[in-house]
Structure formats: structure tokens, C-alpha cells
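A short write-up of the structure that comes next.
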Amino acid sequence: MTKKNELLRTRYRQYIEEQLELALKVRIKPLKRKVRYVAGVDASFPGNYVRAAAVVIDVATFETVDEAVGELPVEHPYVPTLLYLREGPALLKALLSLRRTPDVVLVDGQGILHPRRFGEACYIGVHSGMPVAGVAKSRLAGRHRPVKLKKGLWEPVYVEGELRGAVLCTRDNVKPVYVSPGHLMDLNDALNITLQATGSYRIPEPLRRAHKLAGSSGSSRTGCG
DNA sequence: GCGACAG
DNA sequence: ATCTTGTCGC
């Protein structure tokens with residue numbers, strides 16, 4: 001199964017070259033704007049298509065202020081380090097269908113905490129021009145010290161000796177998440193926004209709601225509000 | 001050469 | 001991601 005991915009990676013070498021080009025467009029810099037509307041995007045695979053959802057919340061009240069979904073046929077298998085080929089386009093479709101443009105976006109995956117500095121969050125950032133951060137449930141790359149399981153604490157994660165992201169504990173005694181900037185923000189911004197958008201669960205609210213919306217059924221517009 | 005490997 | 005019931009713990 002691991003060998004299969006090696007074969008796919010070889011077959012996908014052209015996409016890797018493209019990925020290296022796109023990585024040059026990523027801009028990591030401090031976010032100046034004040035954040036109020038935070039969006040979360042996630043996808044599910046209910047068959048032969050990708051079903052993506054985007055949900056925007058007001059971090060001041062945690063109310064959902066907008067949501068949208070987008071579906072596209074599946075065109076790629078899952079290949080580690082090339083996740084965006086499989087679900088990126090659908091995520092963008094849902095994100096760009098929102099009526100209210102969010103200040104920042106959280107993606108269910110890695111930002112620059114990636115072997116080639118270009119995770120799914122970078123893809124969404126470069127293609128939307130919006131500030132984006134990646135929040136992954138598990139590790140793809142990098143080394144780090146174990147994190148103390150106390151909400152708000154984190155440890156830096158390095159790839160090739162370079163600081164790329166952080167392992168952040170979003171709740172006491174719960175498995176931490178991997179946070180990294182994807183575009184137009186830095187690591188501090190990504191950490192602050194992730195914590196600001198986190199409610200009573202391990203996963204930040206925008207992502208939890210997007211995951212839920214992507215999972216159930218619906219058409220191709222805003223759900224109800 | 002042998003593992004590891006987001007969702 | 002997806003296939004799936006009950007169950008241990010705060």
C-alpha cells in the first residue's frame with residue numbers, strides 16, 4: 001500500500017513540478033487586518049464525486065453567518081503530499097460560492113508544514129487570494145517535541161531544520177492538531193485564529209461545521225440562511 | 001534500501 | 001476519506 005503510493009508519486013512527477021512552481025507564489029507575512037469572519041472548508045466523498053462545504057462564523061458570537069457547498073467528480077486518487085489535486089477544486093468551488101467573503105480561511109489539511117512547502121491550505125490561498133491557515137488532525141511531515149496536553153500550549157515543528165508550523169493543543173487532554181500558515185499570514189496568526197475559532201471541541205468550529213455540512217446531503221447553493 | 005505518509 | 005456498536009471516562 002505504501003509501495004503503491006511510490007508508484008503514483010512517480011507517475012505524478014509532472015504535478016510535483018507544478019507544485020514546486022506554485023510554492024513560489026506562497027506569501028507568508030503578518031496579517032494586518034482584524035479578524036471577525038472565519039471560514040472553514042472540508043470535503044467528503046459520497047460516491048464518485050467530491051462534496052465540499054464552506055462555513056463562515058463570526059468569532060465574536062460563534063454564529064454561522066454563511067455557508068455553501070460545491071460538488072465535482074473525483075479525478076485523482078489520494079496521494080500523500082498531493083491531497084489538493086483530489087479535493088482542492090471542490091473546496092475552492094464551495095469557498096467562492098459564499099456570499100459573505102471571510103477575513104481568513106481554515107483548511108482541513110497542511111499549510112507550509114509540508115515536504116515541498118505546499119499543502120492544501122497553500123493551494124486554497126494561492127487560488128483565492130485570501131489569507132489561509134492549515135489545521136490538520138495528524139502529521140504529514142516535520143519533527144517536534146511532545147506537546148503538553150493543556151489548551152493553548154504548542155510546540156514548534158521543523159522540516160529540514162526550518163520552522164514550518166506548530167503542534168497545538170486545542171483542548172485539555174486531547175490529541176493536538178498541526179497548524180501552519182498557508183498564505184498571506186504567519187504562524188502566530190494561524191495559531192491565534194485557530195484558538196479564537198475553537199469552541200468546546202478539538203476541531204475549530206468553522207471546520208467542524210464544514211465537515212458536518214459536507215457529510216450530509218444538499219444541492220449546490222447556500223443551505224438555508 | 002527501508003520506512004513514513006494530511007484526507 | 002470510508003466501512004461501523006458499544007463503551008469507557010470527564
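So that the names make sense, note that chain A is the first sequence line, chain B the second, and so on, each numbered from 1. Hydrogens, waters and symmetry mates play no part in the numbers below; they use all other heavy atoms, side chains included.
Using a 4.0 Å cut-off, no side-chain N or O of Arg139(A) falls inside it from OP1 or OP2 of dA6(B). Side-chain N/O atoms of Thr81(A) include none lying less than 4.0 angstrom from OP1 or OP2 on dA6(B). Within the structure, every side-chain polar atom (N or O) of Tyr178(A) is placed at least 4.0 Å from both OP1 and OP2 of dA6(B).
Atom pair Arg86(A):CZ and dG7(B):P shows a separation of 13 Å (rounding to whole Å applied). Nucleotide dA1(C) holds its P atom 11 Å from the CG atom of Leu83(A), rounded to whole Å. In this structure, CG of Asp172(A) is placed 13 Å from P of dC10(C), rounded to the nearest angstrom. Regarding His144(A), its NE2 atom lies at a distance of 13 Å from the C1' atom of dA4(B), rounded to whole Å. Rounding to whole angstrom units, CD1 of residue Ile16(A) and C1' of dC5(B) are separated by 13 Å. Between the C1' atom of dT2(C) and the CZ atom of Arg51(A) lies a distance of 16 Å, rounded to the nearest Å. Note: CD (Glu75(A)) to P (dA1(C)) measures 21 Å, nearest angstrom. Atoms CG (Leu113(A)) and C1' (dC5(B)) sit 12 Å apart, rounded to a whole Å.
Qualifying ring pair (Phe, Tyr, Trp, His ring centres under 6.0 Å) partners for His127(A), counting only residues two or more places apart in sequence or in other chains: Tyr123(A).
Each of His144(A), Lys137(A), Arg139(A) was evaluated against Tyr178(A); a single residue qualifies, His144(A), per the side-chain hydrogen bond (donor to acceptor under 3.5 Å, both in side chains) test. Looking at Leu191(A), Leu113(A), Ile112(A), Val26(A) one by one, the single match for side-chain contact (heavy atoms from CB on, under 4.5 Å) with Pro181(A) turns out to be Ile112(A).
The same ILVMFWY cluster, assembled from side-chain heavy atoms under 4.5 Å apart, contains both Ile193(A) and Val177(A).
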>> Walk me through whether His76(A) and Tyr84(A) qualify under side chain to side chain donor-acceptor pair (under 3.5 Å).
In response: CA-CA 9 Å; His76(A) 294 280; Tyr84(A) 64 87; over 6 Å; no

Tell me which donor-acceptor pairs under 3.5 Å the side chains of residues 151-158 of chain A have, and how far apart each pair is, sequence neighbours excluded?
none

> Which string of ( ) [ ] | and . matches DNA chain B, if you list each base 5' to 3' and count Watson-Crick or G-U pairs only when both distances are under 3.5 Å?
Replying inline: .......

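Between dG7(B), dC5(B), dA1(C), one nucleotide has an atom nearer to the side chain of His211(A) than all others, and that is dA1(C).
Other residues, nucleotides and ligands place more than 12 heavy atoms under 6.0 Å from the CZ atom of Phe62(A).
Leu82(A) comes within 4.0 angstrom of a nucleotide base, judged by non-hydrogen atoms across all strands. Residue-level contact check: Phe45(A) touches the backbone only, with heavy atoms under 4.0 Å from sugar-phosphate atoms and none from bases.
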